[in-house]
A.B. asks: 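One structure, as structure tokens, below. Some questions next.
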Amino acid sequence: QVQLVESGGGLVQAGGSLRLSCAASGRTFRSYAMGWFRQAPGNEREFVAAINRSGGSTRYADSVKGRFTISRDNAKNTVSLQMNSLKPEDTAVYYCAAVARALLVVAPSVYDYWGQGTQVTVSS
């Protein structure tokens, strides 16, 4: 069982930055690949970024590539999402998720555990 708690969301102007963090419980964090997803009102949950167990491999949605960076610290049981050059269309609830696999995963249906989400609002 893994519990995930996101933090770092808020209101920011377009062009600004935010850093989301996700703290995981348990001593098996390094056994999980991690991902960030987001969901805007009326939309389906969509993939944002993912990272493999070791942190050596990452993948991003085309819409955030070059602006967002996912990273993890296995010693601290955390995964982060640095978001730069934010746009109004980035506004959504952001979720971190964990899947008991070595390789990174893009599909949300595969993930085993989810956090409660943190709101990110980007004003124009």
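These figures come from a predicted structure and were not determined experimentally.
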A.B. asks: Determine the minimum heavy-atom distance between L4 and Q116, stating which atoms define it.
C.D. replies: O-OE1, 3.6 Å

A.B. asks: List for me each residue that meets side chain to side chain donor-acceptor pair (under 3.5 Å) alongside N84, sequence neighbours excluded, and say none if there are none.
C.D. replies: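 With sequence neighbours excluded, N84 shows a side chain to side chain donor-acceptor pair (under 3.5 Å) to S17, Q82, given in chain and number order.
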
A.B. asks: Looking at SG of C22 and CD of E6, how far apart are the two atoms once the value is rounded to the nearest 0.5 Å?
C.D. replies: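 Here the interatomic distance stands at 5.0 Å.
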
A.B. asks: Tell me if the CD atom of Q3 is crowded by more than 12 foreign heavy atoms within 6.0 Å.
C.D. replies: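 Open: at most 12 neighbouring heavy atoms sit under 6.0 Å from CD of Q3.
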
A.B. asks: Under 3.5 Å, is there a donor-acceptor pair between the side chain of R59 and the main chain of N52?
C.D. replies: no

A.B. asks: What closest approach, in Å, do L86 and R67 show between heavy atoms, and which atom pair accounts for it?
C.D. replies: CA-NH1, 3.8 Å

A.B. asks: Of all the heavy-atom pairs spanning Y113 and V2, show the shortest one and how long it is.
C.D. replies: CD2-O, 3.5 Å

A.B. asks: So, using side chain to side chain contact (heavy atoms under 4.5 Å, CB included) as the criterion, who are the partners of T58 when residues are at least two apart?
C.D. replies: I51, Y60, I70

A.B. asks: Let me have the donor-acceptor pairs involving side chains of residues 92-108, under 3.5 Å, with sequence neighbours excluded, atom names and distances please.
C.D. replies:
residue: Y94; atom: OH; partner: R38; partner atom: NH1; Å: 2.9
residue: Y94; atom: OH; partner: D90; partner atom: O; Å: 2.6

A.B. asks: With hydrophobic residues grouped by side-chain heavy-atom distances under 4.5 Å, do F47 and F68 end up in a single group?
C.D. replies: no

A.B. asks: Would you kindly confirm whether L18 and L81 end up in one hydrophobic cluster when ILVMFWY residues are joined by side chain heavy atoms under 4.5 Å apart?
C.D. replies: yes

A.B. asks: To check you understand the geometry: which heavy-atom pair defines the closest contact between R45 and W114, and what is its length?
C.D. replies: NH1-CE3, 3.2 Å

A.B. asks: Under a single-linkage definition using a 4.5 Å side-chain heavy-atom cutoff for Ile, Leu, Val, Met, Phe, Trp and Tyr, are F37 and V64 assigned to the same hydrophobic cluster?
C.D. replies: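 Looking at the clustering, V64 is in a separate group from F37.
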
A.B. asks: Can you name the residues that form a side chain to side chain donor-acceptor pair (under 3.5 Å) with T121, not counting sequence neighbours?
C.D. replies: Q119

A.B. asks: Should side-chain heavy atoms under 4.5 Å link Ile, Leu, Val, Met, Phe, Trp and Tyr, which residues sit in the same cluster as V5?
C.D. replies: none

A.B. asks: Without swapping roles, check the side chain of S124 against the backbone of P88 for a donor-acceptor pair under 3.5 Å.
C.D. replies: no

A.B. asks: Determine the minimum heavy-atom distance between R19 and S71, stating which atoms define it.
C.D. replies: NH2-OG, 3.8 Å

A.B. asks: Check whether N77 reaches the backbone of F29 with its side chain - one donor and one acceptor, N or O, closer than 3.5 Å.
C.D. replies: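 No.
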
A.B. asks: Sequence neighbours left out, what passes side chain to side chain donor-acceptor pair (under 3.5 Å) with D62? Give chain and number order.
C.D. replies: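 Listed in chain order: K65.
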
